[in-house]
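These notes are about the structure you will find just below.
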Number of protein chains: 2
Amino acid sequence: MSSSSPPVRNGRRPSVKDVAERAQVSLGTVSNVLNRPDRVSAGTRERVERAMVDLGFVLNESARQLRMGRSNTFAYVMLDATNPFFTDVARGIELAAEKADLSLFLCNSDGRSAREHAHLAHLQQQRVDGILITPVDPEAPELARIIAQGTPLVIVDRATTTGTFCSVTVDDRLGGRVAIEHLVDRGHTRVAYVGGPVAIGQVRERWEGARAAWSDAGLAESDLVHVETETLSVEEGRVAGERIAGLPRRSRPSAVFCANDLVALGLLQQVVSTGQKVPEDLAIVGYDDIAFAASAAVPLTSVRQPRQSLGRTAAELLIDEVNNPEHLHQQVEFTPELIARTSTLG
Amino acid sequence: MSSSSPPVRNGRRPSVKDVAERAQVSLGTVSNVLNRPDRVSAGTRERVERAMVDLGFVLNESARQLRMGRSNTFAYVMLDATNPFFTDVARGIELAAEKADLSLFLCNSDGRSAREHAHLAHLQQQRVDGILITPVDPEAPELARIIAQGTPLVIVDRATTTGTFCSVTVDDRLGGRVAIEHLVDRGHTRVAYVGGPVAIGQVRERWEGARAAWSDAGLAESDLVHVETETLSVEEGRVAGERIAGLPRRSRPSAVFCANDLVALGLLQQVVSTGQKVPEDLAIVGYDDIAFAASAAVPLTSVRQPRQSLGRTAAELLIDEVNNPEHLHQQVEFTPELIARTSTLG
DNA sequence: CGTCGTGGTTGAAAGGTTTCACGTCGCGAG
DNA sequence: CTCGCGACGTGAAACCTTTCAACCACGACG
């Protein structure tokens with residue numbers, strides 16, 4: 001049989017055994033070629049390697065993993081793969097993983113608990129070495145269970161009350177605060193906070209930070225209203241824009257703080273398309289400072305988060321947790337920063 | 001030992017064997033509970049299930065896969081996970097996969113062959129049931145090899161000359177054509193095409209379509225210039241903007257057609273920030289019609305591609321290839337559509 | 001001329017699951 | 001009472017890899 005023989009014969013894929021047979025060596029030797037090439041003489045090594053390419057041999061990772069007990073793979077379960085914020089976080093993770101010679105699988109829960117659950121179960125069964133996740137609900141007992149069952153897990157961009165995880169977050173309360181302080185500085189006395197659902201910790205904490213800053217400024221609680229949205233999407237931003245436009249003149253806010261940039265961009269788009277001026281008629285602050293915020297209809301003031309560092313740090317914590325027996329869980333918190341642009345400066 | 005015993009004892013994770021032992025049944029019965037619950041009496045089933053939760057049993061997917069030979073998993077190797085175009089494609093795939101009860105892993109090659117290669121090797125070793133990929137280089141022999149070695153693979157959004165794959169594409173030549181026809185209609189007689197590197201088939205075909213339309217309109221070849229970029233990113237769009245601004249007045253184009261929206265948005269941003277008017281001073285056409293195109297500084301005219309359908313169709317082809325023994329490779333081609341907005345209409 | 005490394009290779013065991021041919025038990029029919 | 005049958009349950013084999021103790025040949029050394 002020459003090297004032109006079909007790589008896949010009779011449906012079964014070639015295994016080390018087949019390679020061994022063809023190279024006239026024992027099975028252990030093939031494994032040595034694969035894992036400790038220095039221990040095998042040049043001649044045999046070459047013969048074995050030759051046999052591998054002739055047969056189109058592909059190592060069976062399941063079998064290796066079964067034997068070895070680890071997979072050299074991390075996974076990041078993203079909350080929303082279409083939100084640039086999370087893809088930037090993912091990129092940070094990817095780079096850190098690559099440096100540590102780990103494969104990274106991305107999974108998208110799309111904000112749905114059911115899909116998240118399915119992905120988590122699958123990853124656990126796959127015995128990935130560790131999981132990074134931005135969970136739909138950080139309090140879900142499932143997360144603690146996964147750790148208890150032996151798969152390290154770190155929470156990305158979500159606060160956790162208990163100390164059972166490593167987590168990497170950005171101070172959302174502070175983020176809400178700086179956004180509102182900025183608007184107050186610009187003289188606004190009636191402001192809407194747009195975002196939801198409040199079940200999302202993010203949304204809640206930014207709101208709390210906003211309210212705290214508002215009352216610290218001595219303004220009336222009733223002049224900071226919460227316009228709640230179903231999700232944090234561009235579409236919902238548009239809808240919110242319409243709702244705000246529909247408010248009676250005297251109760252209409254002069255500025256809006258959005259729980260993220262997608263909402264802000266949707267809202268901005270709706271506002272501009274109806275001929276209103278930003279920021280003259282309505283000032284807008286977003287959150288995340290995604291790349292598209294700067295190139296929006298009106299460049300968007302936004303609260304920047306260190307997206308890539310968030311991902312990198314999370315991955316590093318996970319790597320430590322996996323390798324270091326005396327690892328201690330840490331909660332790392334980054335600080336957000338207001339980037340002021342035309343949408344509030346005029 | 002009560003149900004409060006620690007789930008992970010002595011470092012080893014519980015296996016079906018442990019479950020069997022605790023439930024006082026044989027190992028085969030546990031497997032039956034897992035896979036054919038109807039074949040086991042209610043009493044034993046309950047006992048086994050109880051033992052599983054007590055022990056915190058998690059099925060070892062590697063072992064199952066090793067035995068079964070298939071994994072019920074697809075993977076999509078994305079070219080650029082930060083480009084909203086690809087995340088929308090991924091979403092289409094995700095939804096189709098979910099409907100077919102498959103898990104989906106996303107991998108990001110980040111446009112780098114090396115990383116793509118690493119991901120592919122890993123996926124092949126993992127024995128995923130099928131791979132979807134938007135490759136860095138669709139001609140790479142590696143892709144054909146993967147198929148030959150038994151892993152079905154479909155190419156997403158890249159043309160392939162040979163008929164060895166299923167592929168799903170959008171007619172890029174036509175896309176380039178409609179973009180240029182639109183600009184010609186609007187009276188432009190000097191236009192730049194911004195994008196690169198030409199090694200990317202996409203970039204090349206849109207350029208070819210553009211040139212064909214240009215000469216069909218009877219315009220001089222030298223009046224359609226190609227401004228080449230390193231990559232298709234926002235940053236490169238900005239750079240291109242500067243280069244165009246630096247051109248001597250008489251050779252400066254009155255309109256620009258960008259190879260994708262990221263480039264277009266970067267360029268738009270640069271142009272607007274230097275006080276030029278779009279489209280009066282420079283008209284801009286993008287490509288992809290990502291969600292952010294509509295909310296850009298000046299709403300962007302763009303060539304829309306059916307992103308989600310692209311993904312869904314690709315996944316469906318792959319599912320067919322996996323399940324249907326008489327599957328035939330197909331090349332599905334979608335048709336792009338020009339969405340005219342302010343950036344060319346004024 | 002035995003003995004002792006030593007570099008190179010071997011073969012069996014282990015790892016967790018599924019499958020399948022085969023027992024066992026109880027019960028109704030003959 | 002026996003036979004046969006259905007419902008349940010069993011245990012061994014197979015999937016593919018890695019590891020490790022043992023083995024072999026052979027040159028060096030005493």
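Atoms considered below: every heavy atom in the structure, side chains included; atoms not considered: hydrogens, waters and symmetry mates. Quick note on labels: first sequence line is chain A, next is B, and so on, each numbered from 1.
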Checklist entry - Does OP1 or OP2 of dG16(C) have a side-chain N or O of Arg12(B) closer than 4.0 Å? => result yes
Taking for Leu66(B) and for Gly28(B) the nucleotide of DNA chain C with the nearest heavy atom, the one nearer the 5' end belongs to Leu66(B)
From CZ of Arg36(B) across to C1' of dT10(D) the rounded distance in Å is 13 Å
What one should report as the nearest heavy-atom pair of Ile133(B) and Leu153(B) is CG2-CD2, 3.9 Å
Rounded to whole Å, the CZ-C1' distance (Arg47(B) to dC8(D)) equals 12 Å
> Hey, does Ser15(A) reach any base, or is it just sugar-phosphate, or nothing, if we go heavy atoms under 4.0 Å?
Replying inline: sugar-phosphate
Leu59(B) CG to dG16(C) P, in whole Å, measures 12 Å
**Item:** Salt-bridge criterion met for Arg12(A) and Asp18(A) (N-O under 4.0 Å)
**Value:** yes
- Does Arg45(B) have a side-chain nitrogen or oxygen under 4.0 Å from the phosphate oxygens OP1 or OP2 of dC8(D)? no
From CZ of Arg67(A) across to C1' of dT17(C) the rounded distance in Å is 16 Å
* To do: Remember a base hit wins even if backbone is also touched, and classify Val25(A) as base, sugar-phosphate or nothing at under 4.0 Å, heavy atoms.
  => sugar-phosphate
note: Glu61(B), atom CD; dT18(C), atom P; distance rounded to Å ~ 9 Å
Taken to the nearest whole Å, CZ/Arg70(B) to P/dC15(D) is 18 Å
Are side-chain N/O atoms of Gln65(B) and Arg70(B) paired as donor and acceptor at under 3.5 Å? no
Kindly say if Ser41(A) contacts the phosphate of dT9(C), meaning a side-chain N or O under 4.0 Å from OP1 or OP2. yes
Given the options Arg127(A), Gln126(A), Gln124(A), Asn60(B) meets side-chain contact (heavy atoms from CB on, under 4.5 Å) only with Arg127(A)
Review point. Within the pair Thr29(B) and dG9(D), is there a side-chain N or O less than 4.0 Å away from OP1 or OP2?
Key: no
To the nearest angstrom, the CG-P distance between Asn60(B) and dG15(C) comes to 12 Å
Taking dT18(C), dT17(D), dG16(C) as options, the one with an atom nearest any side-chain atom of Ala63(A) is dT17(D)
| said: Is Asn35(B) close enough to dT18(C) that one of its side-chain N or O atoms is under 4.0 Å from OP1 or OP2 there? | reply: yes
Q: Verify the contact: side-chain N or O of Thr44(A) to OP1 or OP2 of dT9(C), cut-off strictly under 4.0 Å; return yes or no.
A: yes
Testing dT10(D), dG16(C), dT18(D) for proximity to the side chain of Ser26(B), the answer is dT10(D)
For Ser31(B) and Asn35(B), test the side chains for any donor-to-acceptor distance below 3.5 angstrom and give the result as yes or no.
-> yes
- Compare side-chain N and O positions of Arg64(B) against OP1 and OP2 of dT18(C) and report whether any pair is under 4.0 Å apart. yes
Whole-Å distance, Asn32(A) CG to dC20(D) P, equals 11 Å
